[in-house]
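Here is the structure we will look at, set down as structure tokens.
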Amino acid sequence: MNQELEIIANRLMQASTPEEVFGEIKARYDEMLFVLQKNYRAIAKIAHPDMYHTKQEQLLAQTTFTLLTDWLGKAREKIKAGEYGKRVDSSKTILRTRKREYSVEGSYVQERIFNLYPCSFIEDGRVHQSVLKIIREWHDNNLAENETRALRTLSRGRDAEQFSPYIPNLIDAFVYEGAGADRQAIVLEKYDGWYSLEDVYKAYPAGIDPKDMAWMWRRLLVALGFSHANKILHGAVLPRNVWILPQEHGLMLVNWYSAVFDPLTIGQRIQAIASDDAGWYPQEVVRGEIPSFGTDIHMSAKCMVWLLGGDPQRKVLPESVPTPLKAFLKGCILPDRRAPQNAWNLKEEFDELLGRLWGKRKFHPFSMK
Amino acid sequence: MGSGRWSTNVYDEHNHFKAAAGKSIFDYSDGMHKSGRSTWHVHKSLDPKGCGVRESRDNDEHPESTAIAVMFDVTGSMGSIPVTLQKKLPELLGLLLRKGYVADPQILFGAIGDATCDRVPLQVGQFESDNRMDENLENIFLEGGGGGQQTESYELAMYFLARHTDIDCWNKRGHKGYLFMIGDEMAYPSVKRHGFRDIIEEGAERDIPTAEIIRELQQRYHVFYILPQTASNGRDAKILGFWRKLLGQNVLELEDPEAVCETIAPTIGMMEGTIDLYAGTDDLREFGTADSTLKVVTTALENIPVNMTKAKTLSGFLPGLR
């Protein structure tokens, strides 16, 4: 066996950064790629399968050469992003998945089911900021699997091109092994400038203008229509899981861990209904009945009543809300199977009502004060 | 169960002994076939009836056990494949250990037939970590039945694993076990409430749709379906589509049934994060796997769902997890 080849093969297999493969590159930024290419060629000469005649050497060279090409790609990315040769911050955790490497910060936010860690990765010549969600208790791993499955199905599903802005962008999903257990982890794009409906409620405790509620609900029904067309029930349409982007009237439905695929055919129940959330659900579903697509719609209407300053449990709305709108909302907060089942149709009906109430639709500016 | 020290040549010795005694490793099956159909029955070591649960346990010898179940279709459509599997599968444990794909594997072998018409539609061994698993494998009766309507009782096998196994890897570490089913037909659409009284000795609370039992099983197991291309329905798009719909990318097409261990083992290695695709492909070449099989397996390995594979921590650790 060729000794040089063995040394190179070992180095490439054990390396964890492109710097370990190609070494330090002392050059101006615009010359770095050139120097990299030179270093690459020096190694490629040794690793190229054509250089060898025995079967064993050829096999090793083949594997080594593929690895080398891979490392070359990573080095180029890093140079383009201006990250090559930079010292790695030792306070960060580096995770490698089958897709790429993530640099994760230790400062985390603790939510009910997940811990959220800021994380970043390099791709297409730039640094991408993202969020790493890790299941807190491994017994809940199936919830993360649920979320991954739902987001993946939707991102590839029917009308995904048109409606994918209504769901978070799933970047990666994997198992994190640490602290004595395997935990499911999800990487999502990081979204700045968004507010949950809980934030909106805090900013407008007396209730928002019904015209603002109108655009929020229309968009929420679009998100549900898209999801239901792909046979996925969100299963937790709660104020904290509906996010808006105020100026642009953007809306996103997040936290898909309670999602149920094709509930009426498969007959699966919603997992993990927290007792303090129970009031938002149709009571039949809390009691363990199989949910329907009406479950999501019922819950979305409750969110709207709450945002308007009303009481979703008692179905009471402030005087300032136009009577037909009150009736419309109450007509959606019905026992599960009697709640509207089709979000697209309901949106059409709602649009008709809006036309009758306020005439031609106009953009209604909204801010978080 | 699941205890015992494995020595890689135990199987060989056992085999030599049997050969010397003039018996084949297909003893049980051969013997049974010589008697009449009405007398066919499941070997008592594999009888799921009233067995409670099959357990995979951590112990001093195997502190980090991983439960691995391999169950194959023994109906007629599989042709001579079950015989090949019975011959090749004993190599699985050695391969997993030699390559370090997984720390303490405990393997259960079983067989699947058709609950609507077969005498022996479900056979399930124990999770074992030594040559006792080979005895289980030998005791599998290759009935060769089946109904000829492209469905077999896979759902029953999945029901059994979902409700009648207790695995420490999951209980203690949230680490999923594995199920590999090898076959060439579809499952029935549901586990029938009264359909398996005689087989597992209980009735489910209701008919359970197969998709639902798969979901339940997947909470504790990674579930794979291996479709041998040389089986009667090995190239039937309907069969492939059926399993793809239920298991997504976890359906592996297998060119050559002789390569069954070489398919299962690196798949586990990839899932465990002990090897990456390069190392996996490399190992396969080393096994002398045929190029066509290599391509099929590599494609399958590439397609293993990423969310199921482990990330490698290169440095540091994440706070806030206990």
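The chains referred to below are lettered A, B, ... by the order of the sequence lines, with proteins before strands, and numbering in each begins at 1. Predicted, not measured: the structure shown is a model, and the values here were computed from it.
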Considering only heavy atoms from C-beta outward, does the side chain of A/Asn115 approach that of B/Leu321 to under 4.5 Å? yes

Quick check against the 3.5 Å criterion: does A/Thr93 have a side-chain atom that pairs as donor or acceptor with the backbone of B/Phe317? yes

Who wins among A/Ile135, A/Val104, A/Thr66 for the most heavy-atom pairs under 4.5 Å with chain B? A/Thr66

Scanning both residues in full, the closest heavy-atom pair of B/Pro319 with A/Gly106 reads CG-O, 3.3 Å

For chain B, find which of A/Ile134, A/Leu95, A/Leu67 contributes the most heavy-atom pairs closer than 4.5 angstrom. A/Leu95

Partner chain B: residue of A/Met13, A/Gln62, A/Glu105 with the largest heavy-atom pair count (under 4.5 Å): A/Gln62

For the side-chain contact (heavy atoms from CB on, under 4.5 Å) test, which of B/Arg215, B/Gln218, B/Arg220, B/Gln219 pairs with A/Asn142? B/Gln219

Enclosure of A/Gln129 CD (heavy-atom neighbours >12, cutoff 6.0 Å): yes

Are B/Lys310 and A/Asp182 side-chain neighbours, meaning at least one heavy-atom pair lies under 4.5 Å? yes

Test item: A/Glu177 and B/Thr313 side chains (from C-beta on) under 4.5 Å apart, heavy atoms: no

How far apart are the closest heavy atoms of B/Gly320 and A/Tyr108, and which atoms are they? CA-OH, 3.2 Å

Straight-line distance of A/Trp138 CH2 to B/Lys176 NZ, nearest 0.5 Å: 12.0 Å

In terms of heavy-atom contacts, B/Leu318 and A/Tyr176 come closest through N-OH, 3.3 Å

Can you say whether A/Gln56 sits under 4.5 Å from chain B via the side chain, the backbone, both, or neither, judging by heavy atoms? neither

Sequence neighbours excluded, the answer for ring-ring contact (aromatic ring centres under 6.0 Å, His included) partners of A/Trp71 is none

How close do B/Gly174 and A/Asn141 get, counting heavy atoms only, and between which atoms? O-ND2, 3.8 Å

